[in-house]
Amino acid sequence: MPELPEVETIVRDLRPHLSGRRLEAVRSLNPLVLRHPEPERFVAGVTGAEVRSVGRRGKFIRIGLESAELLVVHLGMSGTLTLEEPDVQVRPHTHLRLELAGGGELRFRDPRRFGRVLLGSEEELEAGGLLPRLGPEPLGAGFSSWVPPETVQSSLRTLKAVLLDQSVVAGCGNIYADEACFLARVRPTRRAAGLRPREWQRVVIALTVVLREAIRRRGTSFSDYRDGFGARGEAYESLMVYGRAGLPCVRCGSRLRGTRIAGRMTVYCARCQR
DNA sequence: AACGAGTCCTGATCGC
DNA sequence: TGCGATCAGGACTCGT
């Protein structure tokens with residue numbers, strides 16, 4: 001599932017190929033994935049526009065157009081955004097195809113259709129409540145000294161639930177929340193309010209470490225994720241806890257426990273994480 | 001207000 | 001072998 005490292009990898013892959021290029025035509029569009037605006041306006045707004053920037057905020061891909069509008073893509077659970085040669089066969093569940101001037105095609109594919117596409121100015125999208133408010137970027141400057149807000153420090157929620165809350169920290173999903181908790185040696189089932197300052201500090205540092213390492217490995221290909229060119233990432237092999245319930249802890253060898261927090265599969269080591 | 005639960009959706013996997 | 005049931009989960013909506 002695409003989280004911050006996967007989205008960042010895609011953005012880095014696409015940026016040099018999209019920047020300065022013109023979006024010639026919308027070759028196909030499934031209205032079901034288009035959250036805003038109406039299809040007619042979307043096509044009119046995209047057609048002929050030059051790409052000025054390719055960026056990311058949390059798990060949102062933001063493609064800036066010369067019109068100052070943003071083409072925003074969220075990959076949901078199973079989404080991919082790839083650059084393809086036009087003659088490469090279009091796979092099922094491809095919901096958006098943007099033809100690039102000078103060859104190539106940007107394709108958004110998403111079998112489970114949890115992803116979505118939006119177009120509009122930042123102000124327009126925010127005013128319409130189409131972009132959720134997001135917490136700080138874990139890889140942004142100064143995050144290593146980040147202290148969770150009072151609302152979190154007094155929250156009855158679990159640490160895991162807090163890490164998954166995009167309004168608290170942007171970009172963390174189920175995989176890296178578990179990985180960060182393991183590296184920080186803090187149990188994800190703990191109440192957020194109960195964490196001591198030094199434990200918070202460990203979690204914060206651990207989160208940046210696991211995210212950076214995953215980016216270095218070009219993302220985790222668990223099932224659907226692919227980079228900007230359709231290739232798999234190799235971070236899956238280096239996961240310490242996610243998907244490893246019942247298997248030995250890489251640190252102490254005891255059996256990793258699997259449980260469910262906030263509806264999400266959660267894996268931790270009861271011996272290493274307190 | 002804040003939090004849990006339900007919802008959407010398809011493909012992989014499992015058991016009979 | 002084949003088919004139905006189950007599971008996975010990001011972010012949104014809806015109750016409590």
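Within every chain, numbering begins at 1; the chains are lettered A, B, ... in the order of the sequence lines, protein sequences first and strands thereafter.
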Original post:
Quick one: is B/dC9 close enough that its OP1 or OP2 comes under 4.0 Å of any side-chain N or O from A/H93?
Top reply: no

Original post:
Quick one: ring pair (Phe, Tyr, Trp, His ring centres under 6.0 Å) pairs with a partner in residues 64-87 of chain A, sequence neighbours left out?
Top reply: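 Ring pair (Phe, Tyr, Trp, His ring centres under 6.0 Å) check on residues 64-87 of chain A returns A/F60-A/H74.
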
**OP:** Let me have a per-nucleotide readout for nucleotides 10-16 of chain C, 5' to 3', with B, S or -, counting only protein heavy atoms under 4.0 Å.
**Re:** BBS----

N/O donor-acceptor pairs under 3.5 Å from side chains in residues 144-152 of chain A, not counting sequence neighbours:
from   : atom 1 : to     : atom 2 : distance (Å)
A/S145 : OG     : A/G142 : O      : 3.0

**OP:** Would you indicate whether the side-chain heavy atoms of A/P132 and A/S167 approach each other to under 4.5 Å?
**Re:** no

Considering residues at least two apart in sequence or located in another chain, which fulfil the salt bridge (charged side-chain N to carboxylate O under 4.0 Å, His left out) criterion with [X]?
X	answer
A/K59	none
A/R202	none
A/D110	none

All side chain to side chain donor-acceptor pair (under 3.5 Å) counterparts of [X], not counting sequence neighbours:
X	result
A/H36	A/E124
A/R97	A/E105
A/T82	A/E84
A/E66	A/R22

Original post:
Which residues in residues 150-160 of chain A have at least one heavy atom lying under 4.0 Å from any atom of DNA chain B?
Top reply: A/S155, A/L156, A/R157

**OP:** Check the distance between B/dG11's C1' and A/D110's CG and give it to me in whole angstrom.
**Re:**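 Whole-Å distance recorded here is 12 Å.
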
Subject >> Length of the line joining A/R113:CZ and B/dG11:C1', which is rounded to integer Å >> reply: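 One finds 14 Å between C1' of B/dG11 and CZ of A/R113, rounded.
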
Original post:
In degrees, rounded to 10°, what is the bend between the two ends of the helix from B/dA2-C/dT16 to B/dC16-C/dG2, using five pairs at each?
Top reply: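 The angle separating the two end axes equals 50°.
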
